[in-house]
Enquirer: 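First, the structure itself, so that you have it in front of you.
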Protein chains: 2
Amino acid sequence: MDLRIPVDEQDRTRIVPETIRRADRSPHNRYGNRPTMKDVAARAGVGLKTVSRVVNGEPGVTPETERRVQEAIEALGFRRNDSARVLRKGRTASIGLVLEDLADPFYGPLSRAVEEVARAHGALLINGSSAEDPDREQELALALCARRVDGLVVIPAGDDHRYLEPEIRAGVATVFVDRPAGRIDADVVLSDNYGGARDGVAHLIAHGHRRIGFIGDMPRIHTAAERLRGYRAAMEDAGIPVADSWMSLGVTTPERVRSAAEEMLSGPEPVTAIFTGNNRVTVTVIRVLAEQSRQVALVGFDDLELADLLQPGVTVVAQDAAALGRTAAERLFRQLDGTLVTPERIELPTRLITRGSGELPPAD
Amino acid sequence: MDLRIPVDEQDRTRIVPETIRRADRSPHNRYGNRPTMKDVAARAGVGLKTVSRVVNGEPGVTPETERRVQEAIEALGFRRNDSARVLRKGRTASIGLVLEDLADPFYGPLSRAVEEVARAHGALLINGSSAEDPDREQELALALCARRVDGLVVIPAGDDHRYLEPEIRAGVATVFVDRPAGRIDADVVLSDNYGGARDGVAHLIAHGHRRIGFIGDMPRIHTAAERLRGYRAAMEDAGIPVADSWMSLGVTTPERVRSAAEEMLSGPEPVTAIFTGNNRVTVTVIRVLAEQSRQVALVGFDDLELADLLQPGVTVVAQDAAALGRTAAERLFRQLDGTLVTPERIELPTRLITRGSGELPPAD
DNA sequence: CCTGCATCTGACAACGTTGTCCAGGCTCTA
DNA sequence: TAGAGCCTGGACAACGTTGTCAGATGCAGG
């Protein structure tokens, strides 16, 4: 389609001289060749600012003028360029979300909750996955800052976030979720990983278990470390000394988790119960246990879809991913409001959901 | 922190007169008060363009000059404003993704795949959920266009996308996924919903079933309609007349699905097998079947985590969500390259995964 | 008919960056 | 040593929008 103004339309314009319009219309090599307010103004025969006023619903435009402008907008398929607007206004009405893996079912509801809050505040969500790589987290977070997002919700992969200091000082609202920020003072929203794990393990102990295994993620990940700490605390509370061979920490690939589980289930004194440190681990361990001849008790951190339909149902320590996201996003916008000043650390409670697997008695 | 240049630093500057610098430095009310290239240039005692050159790694700057500029960047915590850059350059290196629900496990891998491709092309991903609401889809898609995303991946909620015509003409690359575009000619990447459903139902028929139920989503959703068509085709191929009471289409809330399933399982001639139209329906139906006294066969559209661990394992028609996302995103970037011109409709095959529930014989 | 006021409109600068173009200083050669 | 040519650096305009301010218009009242 030819976006240039037909000659009969041009005649309607009043003040702007022919040459200027011609120059502006000349085909330029820029991508898109989109109509701008200038084009709309020329076509409607009004000034630039009048178009701006119409587009933004500002008062002080006669109905007749407004109609002409609307008509031109329609005819040209004009859409305001928010990039330019942002440059002028300072705020982008968008927030960034750096998470670990968009495909992880735990982060789905979390992202969704963040999005809902953003939407309620008229903001868009830009997000990316760090894949648990601190460099990638930093790269992403800074790229988002370069886009001048108003705020940043970060699920940290690394443990040093001083690189965000200039951004925060420059006014980028920042909230960390799921794991704490490293070496900077910032808002943090967490689950009670320590307490949840301790409760889960204590639950197993209450059902008679003493040899209890723990399979978790790499200990440099805060949640993994906290859950391990909860495990240790529960065992210590019960006066049970923990054998090193009962604990396995590392990447949560199915292969490693499988061999870790198989190992602690073999030997002369196998564990009679396993506490799993996150949903990925739980899934793999369920598979391993399904192949075992004897029954092994299981409590997992994080809930699973269908967990109630397995035989036995899977007892879990559930965290509320949506609440984490919602809380974080709400704090973010309160920072932007100015309602919130002092960084805080918020811990949301977890919930033990008993379904059978955690109530199995020890096999021996 | 005070970002203004200390007096002793100002003296280093050469040409720019005092007054201009003073004016630029004066505290302005704009949000953030971030240092700009101008500030860096002043502090390093060089020209604006030299800073630009350093920031963008362009040639023609002596190492000594570069060092001074880098130092100033460091000291001020400068970060390039990509909004301004975009305004100048035309492309934003970002793409938009409009999906139905970020929290749906089907869309997680899809989003992730789109993100991976975007990342490989140096682009960021902006996304939002339409919640199956056509108006919201349009609002979101147009908001993304206003941000001048280079391209748009849309999982349609509505069935009329003519509103995107001006955008596409203006150069916004567009690909529809999972469901076709309505009333415009555009790239579309789909699963073979019809064929998959037909295969799944044929599988049940091959195992001796004749009274087979179908529970699916609202028929205005393309995938739901196609899957229903596949069901009908398989039944017709086998010469089985379909009773109206065997089919239920509507919102996939647990309540409605539950009552639909219970209804077709009751009465004098209950169905002996059910084909479910998507993962949400499947999950609910599994729960209903678990409460039944007799065994009912089940084949579901979409795979489920843990489906193999249930008793019996759930036979499904699996689609490759990641492949959908990847294919769509790759086509998007090929549109942007100019490698791709003619819109095409691509159908990816589905895969029947037998796990037990689909191989159960009829109960009667 | 002029003044004063209210209403509507448009010219212009600015936002922070990049592309163009030119100036000044250097090296190299005749 | 002068001139040509290269290299480095900087002034300036432009991208598309919005805020400021002043000009134009219309109308009522003196």
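Values in this document were obtained by computation on a predicted structure and should not be read as measured data. In what follows, chains carry the letters A, B, and so on, assigned in the order in which the sequence lines appear, proteins first and then strands, with residues in each chain numbered from 1.
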Enquirer: Looking at C:dC15, D:dG10, C:dT17, which one has an atom nearest to any side-chain atom of B:Thr50?
Expert: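 For B:Thr50, the side-chain atoms sit closest to D:dG10.
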
Enquirer: For DNA chain C, what residues of residues 55-65 of chain A have any heavy atom nearer than 4.0 Å?
Expert: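 Correct list: A:Gly60, A:Val61, A:Thr62, A:Thr65.
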
Enquirer: What is the distance from CZ of A:Arg148 to P of C:dC15, rounded to the nearest Å?
Expert: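 Result: 14 Å.
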
Enquirer: If you draw a 6.0 Å radius around CG in B:Asp160, do more than 12 non-hydrogen atoms from other residues or ligands fall strictly inside?
Expert: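 Atom CG in B:Asp160 is packed in, count exceeds 12.
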
Enquirer: It should be established whether A:Lys89 places a side-chain nitrogen or oxygen under 4.0 Å from OP1 or OP2 of nucleotide D:dG19.
Expert: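 Indeed, a polar side-chain atom of A:Lys89 lies that close.
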
Enquirer: Whether A:Arg85 contacts D:dT18 is assessed here as follows: a side-chain N or O lying under 4.0 Å from the phosphate OP1 or OP2. Is that the case?
Expert: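 Answer is yes, contact under 4.0 Å.
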
Enquirer: In whole Å, what is the span from the NZ atom of A:Lys38 to the C1' atom of C:dG10?
Expert: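 Answer to the nearest Å: 14 Å.
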
Enquirer: Between A:Arg34 and B:Glu167, is there a salt bridge with N-O shorter than 4.0 Å?
Expert: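 Looking at A:Arg34 together with B:Glu167, the answer is yes, because their closest N to O distance falls below 4.0 Å.
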
Enquirer: Could you tell me how far apart B:Arg88 (CZ) and C:dG19 (P) are, to the nearest whole angstrom?
Expert: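 Rounded to the whole Å, the gap is 7 Å.
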
Enquirer: Can you tell me how far the CG atom of B:Leu97 sits from the OH atom of B:Tyr107, to the nearest 0.5 Å?
Expert: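 B:Leu97 CG to B:Tyr107 OH: 10.5 Å, rounded to 0.5 Å.
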
Enquirer: Sort and list the pairs that fulfil ring pair (Phe, Tyr, Trp, His ring centres under 6.0 Å) and have at least one residue in residues 115-148 of chain B, not counting sequence neighbours.
Expert: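 Qualifying pairs: B:His121-B:Phe333.
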
Enquirer: Whole angstrom is fine here: how far is it from CZ in A:Arg53 over to P in D:dC21?
Expert: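 Value for this atom pair: 14 Å.
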
Enquirer: Choosing from C:dT20, D:dC15, D:dT17, which nucleotide comes nearest the side chain of B:Leu87?
Expert: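 So the nucleotide nearest the side chain must be D:dC15.
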
Enquirer: Quick one: is A:Arg34 getting a side-chain N or O under 4.0 Å of the D:dC15 phosphate, OP1 or OP2?
Expert: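 Checking A:Arg34 against D:dC15: no side-chain N or O falls below 4.0 Å of OP1 or OP2.
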
Enquirer: Could you tell me if A:Glu115 and B:Ser129 have a donor-acceptor pair between their side chains, going purely by distance under 3.5 Å?
Expert: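 Judged by distance alone, the side chains do pair up.
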
Enquirer: Go nucleotide by nucleotide along DNA chain D from the 5' end; which of A:Ser52 and B:Ala84 gets its closest nucleotide reached first?
Expert: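 Per heavy-atom nearest nucleotide, the more 5' residue is B:Ala84.
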
Enquirer: Is the shortest side-chain N to carboxylate O distance from A:Glu116 to A:Arg326 below 4.0 Å?
Expert: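 So A:Glu116 does not pair with A:Arg326 through a salt bridge.
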
Enquirer: How many Å lie between CZ on A:Phe78 and C1' on D:dG16, as a whole number?
Expert: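 Between C1' of D:dG16 and CZ of A:Phe78: 8 Å.
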
Enquirer: Is it the case that atom CD in B:Glu74 sees more than 12 heavy atoms from other parts of the structure closer than 6.0 Å?
Expert: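 Counting other residues, nucleotides and ligands, CD of B:Glu74 stays at 12 neighbours or fewer.
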
Enquirer: Using a strict threshold of under 4.0 Å (side-chain N to carboxylate O), is an ion pair present between A:Arg67 and A:Glu64?
Expert: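 A salt bridge is present here (some side-chain N lies under 4.0 Å from a carboxylate O).
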
Enquirer: Atom NZ of B:Lys49 to atom C1' of C:dC22: distance rounded to whole Å?
Expert: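 So the NZ-C1' distance, B:Lys49 to C:dC22, works out to 14 Å.
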
Enquirer: Can you tell me how far CD1 of B:Ile168 sits from CG of B:Asp185, rounded to the nearest 0.5 angstrom?
Expert: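 The distance works out to 9.0 Å.
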
Enquirer: Whole Å only: how far is the CZ atom of A:Arg147 from the P atom of C:dC15?
Expert: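 These atoms are roughly 23 Å apart.
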
Enquirer: Side chain of B:Gln335, backbone of B:Ala173: donor and acceptor closer than 3.5 Å?
Expert: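 Answer holds: no.
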
Enquirer: Let me test you: for the helix from C:dC1-D:dG30 to C:dA30-D:dT1, what is the angle between the axes at its two ends (five pairs each), rounded to 10 degrees?
Expert: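 That helix has its two terminal axes inclined by roughly 60°.
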
Enquirer: In this structure, how many angstroms lie between the P atom of D:dC15 and the CZ atom of B:Arg91, rounded?
Expert: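 Going from B:Arg91 (CZ) to D:dC15 (P), I get 18 Å.
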
Enquirer: Among the nucleotides C:dT18, D:dT18, C:dG16, which one has an atom lying closest to any side-chain atom of A:Arg80?
Expert: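 Looking only at heavy atoms from C-beta outward on A:Arg80, the closest nucleotide is D:dT18.
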
